[in-house]
Amino acid sequence: MPELPEVETIRRFLSLGQGERPAILGRKLQSVEVFWERSIAYPDSALFVKQIKGQVIQEISRRAKYLVFRLSDRWLLIHLRMSGDLSVRHDSQARDPYDRVVFNLDCSLYLAFNDTRKFGKVWLVDDPELVLAGLGPEPFDPQLTEADFFARLQAYRRQLKPLLLDQSFLAGLGNIYTDEALHLARLHPLMRSDQLSMEQSQQLLESIRQVLMLGIESQGASIDWVYRGGEFQNHFRVYQRTGQPCPTCGTGIFKVTIGQRGTHFCPTCQIKPEL
DNA sequence: AGGGAAACCCGAACGC
DNA sequence: TGCGTTCGGGTTTCCC
């Protein structure tokens, strides 16, 4: 079993080995350089640079797809979106052309927020809830029981695929993990959420947890020249496997578009029930 | 309420 | 060879 997802996630983003303490903990943010203003979601870029100066990094955690840095008396939140990455580098190491925000620390290190496609964002706020309010439960939250999950599904009449991608319904699933979880649970992506039986709902929650756990163990997927992570792509059941055999039954995998997102599924294992 | 589309971005990979 | 077009990742916002 891997450690808690929080720990693994942060380890990956800070390029740490087993048991290593993040070098940036307890360090003071001496200055910040912004190379792409629109990476700063809040407040405006000038204010951000001014207000973060002198803050000390006290603690690092995660909520949904946000990295949460507790500073001396403010909070820094970072969302990497798809192509974003964080790395801790020594001052002697050169900047990358795609560094968007650079945080200079008081120890000859700097934290680089690198983001080829410029979709990632950072926030500096007094209260992290300003950004995080509205997120649904964590998939691994023990408080999220099978009964709760079933009740949440019943509360909507929505297609499973877009619902699972909705971060206010459940926080943390992206396109890859949603397709993988639906296949494992043998549920059609267009099936309406209020039509699942209790048993199917249990199966779905279990599949979500299983797929996420495998993703974490694999340190994420590398699917692109820029979207790099671990080796979860070697475990894909349906994602980006259009036309290739279903691991369960051998049928060729279908790809369709649902809610503007590429959606992969097995037409044999994942049957849409009659309405 | 819920679905669809556009916007934000880039560069690989394609078609011609 | 060199153009132009398409694609897709997560999220917000607007429209029907």
Side-chain angles (χ1 to χ4, degrees), chain A residues 9 12-13 34-42 44-45 62-68 77-86 96-101 113-123 125 128 130-136 138-139 151-181 188-196 208 211-212 215 218-230 232-233 236 238-243 253-265 272 275:
Chain A
T9 307
R12 150 151 163 56
F13 288 129
V34 178
F35 300 103
W36 181 252
E37 298 224 344
R38 290 204 268 187
S39 292
I40 313 291
Y42 186 88
D44 71 59
S45 169
R62 177 195 66 79
R63 170 74 171 108
K65 300 175 187 172
Y66 295 83
L67 291 170
V68 179
L77 286 95
I78 302 182
H79 195 309
L80 299 171
R81 291 291 231 281
M82 297 80 62
S83 59
D85 221 338
L86 282 181
D96 182 277
Y98 300 117
D99 285 347
R100 304 307 181 187
V101 183
F113 170 51
N114 185 278
D115 187 17
T116 313
R117 288 180 179 160
K118 299 180 176 173
F119 270 23
K121 294 272 184 289
V122 306
W123 294 255
V125 289
L130 187 73
V131 179
L132 305 177
L135 285 170
E138 290 287 324
R152 291 179 71 82
L153 286 170
Q154 294 286 319
Y156 300 92
R157 298 167 53 108
R158 294 181 59 185
Q159 302 163 339
L160 284 179
K161 168 88 185 211
L163 184 61
L164 292 178
L165 283 173
D166 187 335
Q167 302 297 298
S168 68
F169 177 76
L170 186 68
L173 289 184
N175 203 39
I176 296 171
Y177 295 92
T178 301
D179 282 4
E180 293 296 303
H188 194 285
L190 283 176
M191 186 172 175
R192 254 178 39 198
S193 59
D194 60 333
Q195 296 188 322
L196 270 70
I208 288 167
V211 160
L212 284 175
S218 310
Q219 301 191 75
S222 306
I223 58 170
D224 208 65
W225 72 102
V226 75
Y227 191 61
R228 296 173 304 101
F232 183 53
Q233 69 280 5
F236 285 168
V238 289
Y239 187 77
Q240 280 192 346
R241 292 194 62 250
T242 310
I253 298 301
F254 275 24
K255 181 179 182 184
V256 296
T257 298
I258 299 174
Q260 291 183 297
R261 310 307 305 279
T263 301
H264 311 73
F265 69 101
K272 189 184 176 198
L275 293 189

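Proteins come first, then strands; the chains are lettered A, B, ... in the order of their sequence lines, and each starts at number 1.
A close approach under 4.0 Å does occur between a side-chain nitrogen or oxygen of A:R261 and OP1 or OP2 of C:dG9. OP1 or OP2 of B:dG11 has at least one side-chain nitrogen or oxygen of A:Y98 nearer than 4.0 Å. At least one side-chain nitrogen or oxygen of A:K65 sits closer than 4.0 Å to the OP1 or OP2 atom of C:dT11. Taking side-chain N and O atoms only, A:R38 has a distance below 4.0 Å to OP1 or OP2 of B:dC9. Considering only side-chain N and O atoms, A:H79 lies under 4.0 angstrom from the phosphate OP1 or OP2 of C:dT11.
Taking CZ of A:R100 as the reference point, atom CG of A:D115 lies at 6.5 Å (rounded to 0.5 Å). The line from NZ of A:K121 to OH of A:Y66 is 10.5 Å long, rounded to the nearest 0.5 Å. Between the CZ atom in A:R192 and the CZ atom in A:R157 there is a gap of 4.0 Å [rounded to 0.5 Å]. In this structure, CE in A:M191 is found 4.0 Å from CG in A:L196, a value given to the nearest 0.5 Å. Atom CG of A:D96 is separated from atom OG1 of A:T116 by 7.5 Å, given to the nearest 0.5 angstrom.
Out of B:dC9, B:dG2, C:dG10, the shortest distance to the side chain of A:M82 is found at C:dG10. The listed nucleotides are C:dG8, B:dG2, B:dC8; the one nearest the side chain of A:F119 is B:dC8. Distances from the side chain of A:Q167 to the nucleotides C:dG10, B:dC8, C:dT11 place C:dT11 closest.
Atom CG in A:L165 sits about 13 Å away from atom P in C:dT12, given to the nearest Å. Counting to the nearest Å, the P atom of B:dA1 and the CZ atom of A:F169 are 16 Å from each other. With rounding to whole Å, A:L160 atom CG is found 15 Å from B:dG3 atom C1'. Between A:D166 atom CG and B:dG2 atom C1' the separation is 11 Å, expressed in whole Å. Following rounding to the nearest Å, A:N175 (CG) and C:dG9 (P) show an atom-to-atom distance of 4 Å. Taking atom NZ of A:K118 as the reference point, atom C1' of C:dG10 lies 18 Å away to the nearest angstrom. The distance from atom CZ of A:R63 to atom P of C:dG10 is 17 Å, rounded to the nearest whole Å. A straight line from CG of A:L170 to P of C:dG10 spans 14 Å, rounded to a whole angstrom.
Between the base of B:dC9 and the side chain of A:R117 there is no donor-acceptor pair shorter than 3.5 Å.
In terms of position along DNA chain B, the nucleotide closest to A:Q159 lies nearer the 5' end than the nucleotide closest to the other residue of the pair A:Q159 and A:R81. Each of A:K255 and A:Q260 was matched to the nucleotide of DNA chain C holding its nearest heavy atom; the match closer to the 5' end belongs to A:K255.
Minimum interatomic distance between A:G136 and A:A171 (heavy atoms only, all atoms of both residues): O-CB, 3.5 Å.
Below 30°, between 30° and 60°, or above 60°: for A:F254 and A:F265 the angle between ring planes is above 60°, a perpendicular geometry.
One axis for each end of the helix from B:dG2-C:dC16 to B:dC16-C:dG2, each built from five base pairs, and the angle between them comes to 60° at 10° resolution.
More than 12 heavy atoms of other residues, nucleotides or ligands shown are found within 6.0 angstrom of CD on A:Q154.
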